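The structure appears right after this line, and notes come after that.
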Amino acid sequence: MKLAAQIGIPYSEFLKITPRILNAYADGYSQRRKSESKDNIYQAYLISRWVWEKKIDIEKILGCEEKKKIMTDNEMLAQVKALNKLFGGEVKEIGAEE
């Protein structure tokens with residue numbers, strides 16, 4: 001009953017619903033609160049940019065982390081070759097005479 005009161009379900013409705021439905025309401029309430037919290041943080045960010053002209057990393061604050069791409073062996077080899085060429089490196093064959 002305490003959970004129902006916290007998420008705003010009236011007592012008369014609480015008596016009519018099942019625990020499964022109450023749980024669904026609680027999950028929805030939790031998700032809505034998280035979304036509202038992120039919206040409030042983003043609004044504060046926009047206000048701070050406008051009022052104080054500060055640079056703030058909003059993605060870090062909101063927890064929007066960039067997904068790291070896992071490179072295949074061939075992609076990694078191509079990247080190494082490109083960097084080697086960029087820095088003026090030489091390609092040496094293993095077992096070749098110098």
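Everything numeric in this text was worked out from a predicted model, so none of it was measured.
- Residues satisfying the side-chain contact (heavy atoms from CB on, under 4.5 Å) test with Thr72, not counting sequence neighbours, are Asn74, Glu75.
- Clustering of Ile, Leu, Val, Met, Phe, Trp and Tyr by side-chain heavy atoms under 4.5 Å joins Leu3 with Met1, Ile7, Ile9, Tyr11, Phe14, Leu15, Ile17, Ile21, Leu22, Tyr25, Tyr29.
- Remark: Glu36 pairs with Arg32, Arg33 by the side-chain contact (heavy atoms from CB on, under 4.5 Å) rule, at least two apart or across chains.
- Between Asn40 and Gln43 there is a side-chain heavy-atom pair separated by less than 4.5 Å.
- Applying the salt bridge (Lys or Arg N to Asp or Glu O under 4.0 Å) definition to pairs two or more places apart or across chains, none involves residues 76-89.
- Listed by chain and number, the residues in a side-chain contact (heavy atoms from CB on, under 4.5 Å) with Pro19 amount to none (sequence neighbours excluded).
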